[in-house]
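Data block below; observations after.
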Protein chains: 2
Amino acid sequence: MVQVESGRTRILDSAAAILRHKGLAGAKLSDIARGAGMLAPSIYHHFPSKDHLVEEVMMEGIYHNNRHIMARVEGLGSGASPLVRLRAAIVAHVDFLLAGDDYSSAVARVFDDLPDEMRKRVLAAYSSFDNYWRDLIVAAQKDGSASKALDATVVRKFLIAMLDSCSSWYRPGKLGPAQISEQAADLLLYGFATERP
Amino acid sequence: MVQVESGRTRILDSAAAILRHKGLAGAKLSDIARGAGMLAPSIYHHFPSKDHLVEEVMMEGIYHNNRHIMARVEGLGSGASPLVRLRAAIVAHVDFLLAGDDYSSAVARVFDDLPDEMRKRVLAAYSSFDNYWRDLIVAAQKDGSASKALDATVVRKFLIAMLDSCSSWYRPGKLGPAQISEQAADLLLYGFATERP
DNA sequence: GTCTATAATCAGATAGAC
DNA sequence: GTCTATCTGATTATAGAC
């Protein structure tokens with residue numbers, strides 16, 4: 001028997017899609033409800049407020065993305081070098097965003113606009129993810145395969161900002177998602193210049 | 001004789017600072033007015049609407065940043081190689097953002113949230129800037145000092161997203177703005193890995 | 001679980017005095 | 001050029017029928 005998607009899930013899916021494309025202030029409850037096949041007040045049967053709904057989308061986005069990246073990296077097996085693991089994480093992150101996951105794209109889009117208290121909670125949930133990236137980066141430095149001259153925190157911030165941006169500018173065309181993610185990894189790991197200084 | 005900053009300019013400065021820190025929806029006219037030492041309705045003596053005010057902040061931000069980067073690159077003189085010019089542009093962009101220019105930081109913060117029509121106009125103004133980056137990137141590829149395997153457009157998008165992010169996460173600490181901008185340039189040009197594949 | 005009707009709130013904008 | 005008072009419109013949220 002096929003269980004039709006519940007009303008609650010349809011609301012979350014719709015909210016994620018609209019937050020992703022229109023931002024926090026641009027995501028009206030009436031639009032979200034329409035995407036879920038209902039009218040705005042019906043949302044309140046499932047969520048106590050817009051803020052609660054948004055926060056749940058953020059948490060789902062972080063969780064989905066996190067799981068996807070970890071699964072790909074850990075799927076490499078125990079023999080993979082730190083640099084190979086870092087590369088896999090970069091590729092997985094871009095692939096995931098460009099595969100069109102509305103939840104994780106919504107996080108990248110509206111995080112800066114969240115109300116202060118909510119942003120703190122979302123950031124706390126995000127921190128396990130952040131730590132995972134930090135570990136990948138630091139492991140590559142310890143192992144000698146990545147530059148110790150670059151600050152691990154600066155690298156992480158720049159790397160994540162760069163990767164997160166792709167869902168806002170990528171449009172299908174001559175390059176597919178797979179090419180974009182490979183280029184992201186090549187650019188970050190080996191740089192744009194052909195020779196070292 | 002010292003001309004005190006005009007009301008119009010105080011409003012623009014205040015709007016830029018508030019847009020930068022609170023985003024488009026978070027920037028209330030009453031807050032902007034307070035920052036300019038007046039009350040909200042007084043803004044309408046100088047600007048016909050919030051949108052007009054915001055658009056002028058965007059245009060100023062683009063113009064300031066553009067001029068600053070071009071001045072630094074062109075200041076290198078005609079003997080500078082394409083890669084040296086690209087590096088100078090990267091460093092200048094980060095320096096400028098971290099020097100705390102509210103106008104250009106406001107552009108990076110609210111661009112995605114602008115109303116469609118305005119965003120088109122701002123994007124058009126931005127395009128001369130975009131073309132400048134594209135020329136720097138393509139020149140380095142033609143000259144053989146940068147990788148032709150990377151798509152120039154993808155490199156430009158990733159590069160600008162990465163650089164623009166720094167005003168949202170940078171906090172003065174053990175690393176100063178000058179170190180951040182050098183690390184950005186090193187990461188983009190030479191990558192995080194110590195050896196080529 | 002969804003609806004119609006409506007309240008409450010808030011921010012952008014206007015009118016007109018000074 | 002700035003103010004006080006007010007209007008308008010949009011949006012979140014509630015009440016209560018079905």
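Order of the sequence lines sets the chain letters (A, B, ...), proteins ahead of strands, with each chain counted from 1. No hydrogens, no waters, no symmetry mates; every other heavy atom, side chains included, goes into these values. On a predicted model such as this, the values are computed, not experimentally measured, just so you know.
- At whole-Å resolution of the value, CD1 in A:Ile43 and C1' in C:dG1 are 13 Å apart.
- At its two ends the helix from C:dG1-D:dC18 to C:dC18-D:dG1 runs along axes set 0° apart, each axis drawn from five pairs and the angle rounded to 10°.
- Listed candidates were D:dT4, C:dC3, C:dA11. Nearest to the side chain of B:Lys28 is C:dA11.
- Between the side chains of A:Asp51 and A:Ser49, no donor-acceptor pair is found at a separation under 3.5 Å.
- With rounding to whole Å, A:Met38 atom CE is found 16 Å from C:dT4 atom C1'.
- Using a cutoff of 4.0 Å between basic side-chain nitrogens and carboxylate oxygens, A:Asp101 and A:Arg20 are not scored as salt-bridged.
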Evaluate salt bridge (Lys or Arg N to Asp or Glu O under 4.0 Å) for B:Asp113 paired with A:Arg109, printing each intermediate quantity in order.
CA-CA 10 Å; B:Asp113 295 327; A:Arg109 171 71 192 259; 2.8 Å; yes
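- Taking atom CG on B:Leu24 and atom C1' on C:dA11, their separation rounds to 13 Å, with Å as the unit.
- In the set C:dC3, D:dC3, C:dG1, the nucleotide with an atom closest to the side chain of A:Ser42 is C:dC3.
- For A:His45, the listed nucleotide lying nearest its side chain is C:dT2; candidates were D:dC3, C:dA11, C:dT2.
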When every nucleotide of nucleotides 13-18 of chain D is labelled 5' to 3' by its protein contacts under 4.0 Å (heavy atoms), B for base, S for sugar-phosphate only, - for none, what sequence of letters results?
BB----
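- For B:Phe47 and B:His52, the gap between ring centers reaches or exceeds 6.0 Å.
- Distance CD1 (B:Ile32) to P (C:dG12): 8 Å, rounded to an integer number of Å.
- In this structure, B:Arg10 atom CZ and D:dT2 atom C1' are separated by 10 Å, rounded to whole Å.
- Atom CD in B:Glu5 sits roughly 14 Å away from atom P in D:dG1 (whole-Å rounding).
- Residue contacts for B:Ala27: at a heavy-atom cut-off of 4.0 Å it reaches the sugar-phosphate backbone alone, with no base atom in range.
- Linking ILVMFWY residues whenever their side-chain heavy atoms come closer than 4.5 Å, directly or via other members, places A:Met58 and A:Leu163 in the same cluster.
- Distance B:Arg8 CZ to D:dT2 C1': 17 Å, rounded to the nearest Å.
- Close placement of the B:Trp169 and A:Phe158 rings is indicated, their centers lying within 6.0 Å of each other.
- Here D:dT4 presents its C1' atom at 9 Å from CG of B:Leu39, a figure rounded to the nearest Å.
- The aromatic ring centroids of A:Phe129 and A:Tyr132 lie 6.0 Å or more from each other.
- Between A:Arg10 and A:Asp13 there is no salt bridge, since no side-chain nitrogen of the basic residue lies less than 4.0 Å from a carboxylate oxygen of the acidic one.
- Looking at B:Asp151 and A:Lys174, a side-chain N of the basic residue comes within less than 4.0 Å of a carboxylate O on the acidic one, giving a salt bridge.
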